[in-house]
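Here the structure comes first, spelled out in structure tokens, and everything after it is commentary.
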Amino acid sequence: MSASTLPVPPRTASGNRTLGRSRFREWTEKEAVFSWLMIGPPILFLCAMVGYPFLYGCYLSLMHRPVATTGEFIGLGNYIANWNDPVFWRVARNTIVYTLVTTFLKAVGGLGLALVMNQSFPMKNFVRAALLLPFIVPTVLSTIAWMWILDPTFSVLNWLLIAAGVPAPGPSWLGNPVLAMCSLIVINTWRGLPFYAITLLAGLQTISPELHEAATTDGATTWHRFRYITLPLLQPVLFIVTMFSIIFTFSDFQLVYVLTHGGPANATHLFATYAFDIAMSAGQFGLGASVALSMLPPLALIIVALAIYMRKR
Amino acid sequence: MVEGRGWVRPFFQLWLPLAVALIFTLFPFYWMAITSLKPNSELYNPKVMPLIVHNPTMKHYIDLLTETDFLTWTYNTMLVAVISTAISLVFGIMLAYPLARMRFPGAALIAFAVAATYLVPQPLLFIPMADIINSLHLGDTLSAVILTYPTLLVPFCAWLLMGYFKTVPKDLEEAARIDGATRLQTMVKIILPLCTPGFISAGIFAFTLAQNEFLYALIFLTNSDVRTVPVGAISELVRGDVFYWGQLMAAALLGSIPVAIIYSFFVEHYVSGLTAGAVKQ
């Protein structure tokens with residue numbers, strides 16, 4: 001398609017345009033002016049709705065501010081209180097364990113599934129669509145299904161275990177601190193694994209089969225081809241996906257809020273749910289904001305690194 | 001042995017792992033579906049074999065639709081998702097177009113800021129946001145979520161669309177400019193129409209993210225008639241310690257269907273969005 005056939009109105013449609021107006025148009029036609037006029041409104045929106053809340057949150061975290069009061073400035077008081085609060089450290093430990101274990105499971109499982117999916121088999125597109133379902137269905141709704149699967153009295157899992165010979169009533173999946181964390185890890189993996197698998201599959205498909213053929217001709221084993229061709233070429237995709245997953249697992253809220261509410265006895269509280277409880281349930285906005293902002297240092301490192309990396313690509 | 005290898009290899013390398021993955025993935029949905037069809041006498045009787053439905057009933061669906069505000073929640077969810085997706089697409093285009101195709105002072109900084117904003121997780125902002133929404137007297141209005149969802153979606157849309165805008169050759173733009181088109185005309189009439197697949201990808205993705213959003217909806221919407229499906233289900237089908245499991249499952253299934261239908265029509269677009277931007281959960 002040649003560009004000249006496109007319906008472009010001529011530049012001088014009317015001869016009686018005033019001088020001022022054409023000057024204005026000349027001005028808006030400058031690359032920089034046009035660009036800034038274009039990005040101005042969304043940038044203003046983001047400054048008002050992301051930048052300002054962020055700064056305001058930093059300020060709030062320095063206040064003692066029970067709900068419906070104006071509050072008083074207490075400097076780092078909230079952070080010091082957190083530092084001396086054993087529950088805070090419990091929450092930090094939970095968050096780190098939760099993030100590391102699920103990220104590992106999702107990366108390994110996702111890579112495995114991507115390798116399996118990279119073979120040709122009938123109904124491949126259908127299978128791929130089915131495997132992505134956990135990722136697209138609203139988390140809260142699928143978590144409700146899991147809650148019923150793990151129900152203390154009517155768990156189908158326990159029904160199967162009892163049928164297989166485990167003594168009744170079977171494990172209390174959400175009532176035992178360790179099992180509750182394990183359940184969360186499994187469900188988060190269930191939800192996040194397709195994202196890894198499908199993204200890595202797309203990465204695998206960009207690797208030219210000729211590379212593998214050449215290596216096979218040269219006598220490389222399957223493991224060698226995986227280790228020296230697939231893995232290095234997949235590394236950028238794997239890096240981005242993993243960083244994303246770390247950011248959003250570290251700050252996870254929905255799954256824990258719905259499934260365990262942080263219990264039993266704070267065993268599954270993450271930063272986000274703990275901050276929510278302090279700010280929304282106990283009404284301590286300042287303290288809650290300081291808990292939420294405690295996520296920032298580790299996240300900021302990853303966010304800045306990833307933002308630079310993404311921009312370079 | 002040679003014959004044995006003929007099926008052993010594909011069985012262990014393909015069919016077995018695939019079957020395990022599919023069962024693990026789909027079982028919760030199967031469970032959702034059959035639970036919603038079981039009468040209470042079957043649901044709460046541990047002696048009945050639970051894996052199939054013995055006496056299917058539509059009672060939970062009927063109760064859900066007649067005794068709760070489920071239809072209102074669905075309407076709210078759709079309305080909010082559609083409007084915030086539309087706002088996010090427009091803002092996303094306005095951000096992405098210059099960043100992808102123009103040179104201007106500050107471009108590098110803005111691109112970095114957009115990428116960083118895209119990665120800032122919501123739990124970092126919800127407390128100050130709750131205070132701001134309160135002081136604007138927007139609590140319990142759909143405007144509260146329509147205003148806040150785009151903060152999650154705009155950076156994402158911008159990021160995804162930048163990739164699409166970069167693929168259109170510069171020659172097209174230059175040709176149009178030589179023919180006398182203004183920059184705005186070039187953008188709206190030449191470049192944007194070529195990027196329709198990108199808009200569909202970004203739109204579908206933003207739509208599913210908006211349907212999935214929970215935290216802001218939970219904080220801002222406390223009246224039943226302004227609630228969205230996830231918040232409505234979790235706060236009104238669980239009363240105190242009583243879980244209305246049949247209705248909960250019916251709500252979970254019905255609430256998932258709109259997303260699933262849209263997704264099934266646009267799987268390819270969804271996947272390309274997923275893989276292009278590497279995505280927010």
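Only this structure's heavy atoms are used, side chains among them; waters, hydrogens and symmetry mates stay out. In what follows, every chain begins at residue 1, and chains take the letters A, B, ... in the order their sequences are listed.
Taking every heavy atom of both residues into account, A:A130 and B:L26 meet most closely at O-CD2, 3.9 Å. In terms of heavy atoms, B:M94 sits closest to A:P41 at CE-CG, 3.5 Å. When all heavy atoms of B:P105 and A:W36 are compared, the closest pair comes out as O-NE1, 3.0 Å. Here the shortest heavy-atom pairing between B:P121 and A:I303 reads CD-CD1, 4.3 Å. The shortest heavy-atom contact between B:P123 and A:A272 is CB-CB, 3.6 Å. Here the closest non-hydrogen pair linking A:S120 and B:L14 is O-CD2, 4.5 Å.
For chain A, the option among B:I87, B:V231, B:L248, B:L253 with the highest count of heavy-atom pairs below 4.5 Å is B:L248. Your options are B:T208, B:V20, B:V259, B:L95, and the one with the most heavy-atom pairs under 4.5 Å with chain A is B:L95. Looking only at heavy-atom pairs under 4.5 Å with chain B, the residue among A:T273, A:L293, A:V258 that has the most is A:V258. Ranked by non-hydrogen atom pairs under 4.5 Å with chain B, the options A:V127, A:L113, A:T153, A:V291 are led by A:V127. Looking only at heavy-atom pairs under 4.5 Å with chain A, the residue among B:N45, B:I234, B:I93, B:N134 that has the most is B:I234. Across A:M117, A:K30, A:M147, the residue that shares the most heavy-atom pairs under 4.5 angstrom with chain B is A:M147. The choice from B:P28, B:P230, B:G106 that makes the most heavy-atom pairs within less than 4.5 Å of chain A is B:P28. If you tally non-hydrogen atom pairs under 4.5 Å between each of A:L46, A:V304, A:I43, A:L131 and chain B, the highest count goes to A:L131. Among A:F271, A:F121, A:F54, the residue with the largest count of heavy-atom pairs under 4.5 Å with chain B is A:F121. Listed options B:L51, B:L43, B:T148, B:V229 were ranked by heavy-atom pairs under 4.5 angstrom with chain A; first place goes to B:L43. Between chain B and the residues A:M243, A:M295, A:R128, the largest count of heavy-atom pairs under 4.5 Å involves A:R128.
Between B:M129 and A:M49 the shortest side-chain heavy-atom distance falls below 4.5 Å. In this structure, B:W245 and A:I144 have side chains that are in contact, with non-hydrogen atoms separated by less than 4.5 Å. Using a 4.5 Å heavy-atom cutoff, the side chains of B:L119 and A:F244 are in contact. The closest side-chain heavy-atom distance from B:I127 to A:F276 is not below 4.5 Å. Looking at B:R183 and A:M38, their side chains never come closer than 4.5 Å, going by heavy atoms from C-beta outward. Between B:F27 and A:W190, every side-chain heavy-atom pair lies at or beyond the 4.5 Å cut-off. Contact annotation: the side chain of A:V137 approaches that of B:F29 to within less than 4.5 Å [non-hydrogen atoms, C-beta and beyond].
Remark: the backbone N or O of A:A129 is paired with a side-chain donor or acceptor of B:Y263 at under 3.5 angstrom. The backbone N or O of B:Q13 lies less than 3.5 Å from a partner atom in the side chain of A:Q119, making a donor-acceptor pair.
Separating the CZ atom in B:F214 from the CG atom in A:L255 is a distance of 11.0 Å, to the nearest 0.5 Å. Taking CG of B:L218 as the start and CD of A:Q254 as the end, the distance is 9.5 Å to the nearest 0.5 Å. Atoms CE and OG, on B:M32 and A:S142 in that order, are 6.0 Å from each other to the nearest 0.5 Å. One finds the OG1 atom of A:T189 at 6.5 Å from the CZ atom of B:F24 (value rounded to the nearest 0.5 Å). Atom CG of B:L124 is separated from atom CD1 of A:I247 by 11.0 Å, given to the nearest 0.5 angstrom.
Heavy atoms closer than 4.5 Å to chain A are found nowhere in B:L237, neither backbone nor side chain. Heavy atoms closer than 4.5 Å to chain A are found in both the backbone and the side chain of B:D131. Heavy atoms of A:N158 lying under 4.5 Å from chain B are absent altogether. If you measure heavy-atom distances from B:V188 to chain A, you find no contacts under 4.5 Å at all. Both the backbone and the side chain of B:M49 come within contact range of chain A, each with at least one heavy atom under 4.5 Å from a heavy atom of that chain. With a 4.5 angstrom heavy-atom cutoff, A:L160 touches chain B only via side-chain atoms. In this structure, the portion of B:V267 lying under 4.5 Å from any heavy atom of chain A is its side chain and not its backbone. When heavy atoms are compared at a cutoff of 4.5 Å, A:L60 approaches chain B solely by way of its side chain, counted from C-beta outward. Contacts of B:E174 with chain A are absent, with no heavy-atom separation under 4.5 Å from either backbone or side chain. Only the side chain of A:L299 comes within contact range of chain B, with heavy atoms under 4.5 Å apart. Proximity to chain A (any heavy atom under 4.5 Å) is restricted, for B:I110, to the side chain, taken from C-beta onward. Interface remark: B:Y44 contributes backbone and side-chain atoms alike to the contact with chain A (heavy atom separation under 4.5 Å). Using a 4.5 Å cut-off between heavy atoms, A:F154 touches chain B through its side chain atoms alone. If you measure heavy-atom distances from B:L147 to chain A, the contacts under 4.5 Å come from both the backbone and the side chain. Of the two parts of B:I257, neither the backbone nor the side chain holds a non-hydrogen atom closer than 4.5 Å to a non-hydrogen atom of chain A. For chain A, no part of B:P258 is nearby; none of its heavy atoms comes within less than 4.5 Å.
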For side chain to side chain contact (heavy atoms under 4.5 Å, CB included), just list the numbers for B:T182 and A:F34, CA-CA rounded to whole Å, side-chain angles, deciding distance to a tenth of an Å, and then say yes or no.
CA-CA 10 Å; B:T182 62; A:F34 175 83; over 6 Å; no

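When only modelled atom types and interatomic distance are considered, B:T35 and A:W148 share a side-chain donor-acceptor pair under 3.5 Å.
Salt bridge absent: B:R101 and A:E31 never bring a charged side-chain N and a carboxylate O closer than 4.0 Å.
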